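Chain identifiers are assigned alphabetically (A, B, ...) following the order of the sequence lines, protein sequences preceding nucleic acid strands; residue numbering begins at 1 within each chain. Computed from a prediction, not measured in an experiment: that's the story for all the values here.
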Amino acid sequence: MASTSSEQNKKPNEAKSLSLKVKGQDEVEVFYRAKPTTQLSKLMNAYSNRHYFPVAFFFDGHQIRDEDTPESLKMKDGDEIVALIHQTGG
Amino acid sequence: MRFTCALPAPDLRFFVLFFRDDVIFQSGNILINRGDIDDILTNQYFSDNHVDSFAFLLSEKIRIIPKEFQKYLYISPLYRLYKGYKHDYQMFIQHITPDSVRESKLIVQPICFQSHWVLIVGKLKEKVWKLYDSLPNPEHKAICTEVIKQIHEDKAGVFPSDITTWKLQTVRGIPTQSNEYDCEIFVCKYMERAILKKKTDWASLKEWQKYMPKFRAELGYALCLTTKM
């Protein structure tokens, strides 16, 4: 009984964490799990550390800020974040 | 009497790096950090972020003095970037509808190609494309034709005629850059002039190059003014 009650306690927390897909310019998709209240800077840093070049992250046409969270951007499970290198010229 | 400081002078480079990520301005796909302002002021290349932010400030100016400007449809350079990498790019062209086309006079599209910015302006009434290029080159013209084709494919039936058949003319006699880093600020300023109702006397602006640092400073200042505390 104790184990089932602990499972029941865990489940709502697990359900809360979202699976977010980051799609880069190389069309490679990387999946991350994040709690709705976790700052997306964590996810963006994790992605940037893998790619070694400055990337801008967009969700639904909006550029994501460090302090944004899945909750503040109304993200749903399975939503896609676009990672792009800005076009620069001069 | 001479005073000496016991503490070593602070390394300002550290502060510059430390605050680079501070957000100065955000609107939709635009996010300007303090580092972006530094780039504007130190003659660095512009990104689509900078060009879009200039377009945003221009739209704000038009809201205040609409009489001086023609109605236009702006397409963010991100449209081409998103499309190129097969992302959902519709959000950047969804404002182009038969109604909005009917109400507008111009289509404005900045293009970044091989680290160079150019501007194309479609005149809906005259059915002609005008190319503003601060480093005129036939290669730049070729990429514009490609972009026009893409817009036509994505917005079939929205325009009263086939926009790919419109003549693409390079605007002659416009001021051009004499260095290797100012094309983007030229594109921004071309955009500002191209949408004016009053015809621009380009001959009187031949000396534009020397004012580019001032225009950069104006953009940086205007963006800082938009900061919400």
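- The two atoms that bring B/Cys112 and A/Gly89 nearest to each other are SG-N, 4.2 Å, heavy atoms only.
- Side-chain atoms of A/Arg65 and B/Leu31, non-hydrogen and from C-beta on, do get closer than 4.5 Å to each other.
- Only the side chain of B/Gln177 comes within less than 4.5 Å of a heavy atom in chain A; its backbone stays farther off.
- Of the atoms belonging to B/Asp182, it is backbone heavy atoms, and not side-chain ones, that fall under 4.5 Å from chain A.
- When A/Glu27, A/Gln25, A/Glu67 are compared by the number of non-hydrogen pairs under 4.5 Å with chain B, A/Gln25 comes out ahead.
- Nearest heavy-atom pair, B/Trp117 versus A/Thr88, reported as atom, atom and distance to 0.1 Å: NE1-C, 4.1 Å.
- With a 4.5 angstrom heavy-atom cutoff, B/His116 touches chain A via backbone and side-chain atoms both.
- Rounding to the nearest 0.5 angstrom, the gap separating the CG atom in A/Asp66 from the CG atom in B/Asp22 is 10.0 Å.
- A donor-acceptor pair is defined here as one N or O able to donate and one able to accept, closer than 3.5 Å; such a pair exists between the side chain of B/Gln26 and the backbone of A/Gln63.
- Nearest heavy-atom pair across B/Met91 and A/Gly61 is SD-CA, 3.1 Å.
- Listed for the A/Gln87 side chain is a donor-acceptor partner under 3.5 Å among the backbone atoms of B/Pro77.
- Atom CG in B/Asp88 sits 8.5 Å away from atom CG in A/Asp60 (nearest 0.5 Å).
- In this structure, B/His87 and A/Glu80 have side chains that are in contact, with non-hydrogen atoms separated by less than 4.5 Å.
- Between B/Tyr85 and A/Val82 the shortest side-chain heavy-atom distance does not fall below 4.5 Å.
- For the set B/Ser27, B/Gly28, B/Cys183, B/Ser134, the count of heavy-atom pairs under 4.5 angstrom toward chain A peaks at B/Gly28.
- In this structure, chain A has no heavy atom under 4.5 Å from any part of B/Ile185.
- Counting heavy-atom pairs under 4.5 Å between each of B/Asn33, B/Val51, B/Ile30, B/Leu81 and chain A puts B/Leu81 at the top.
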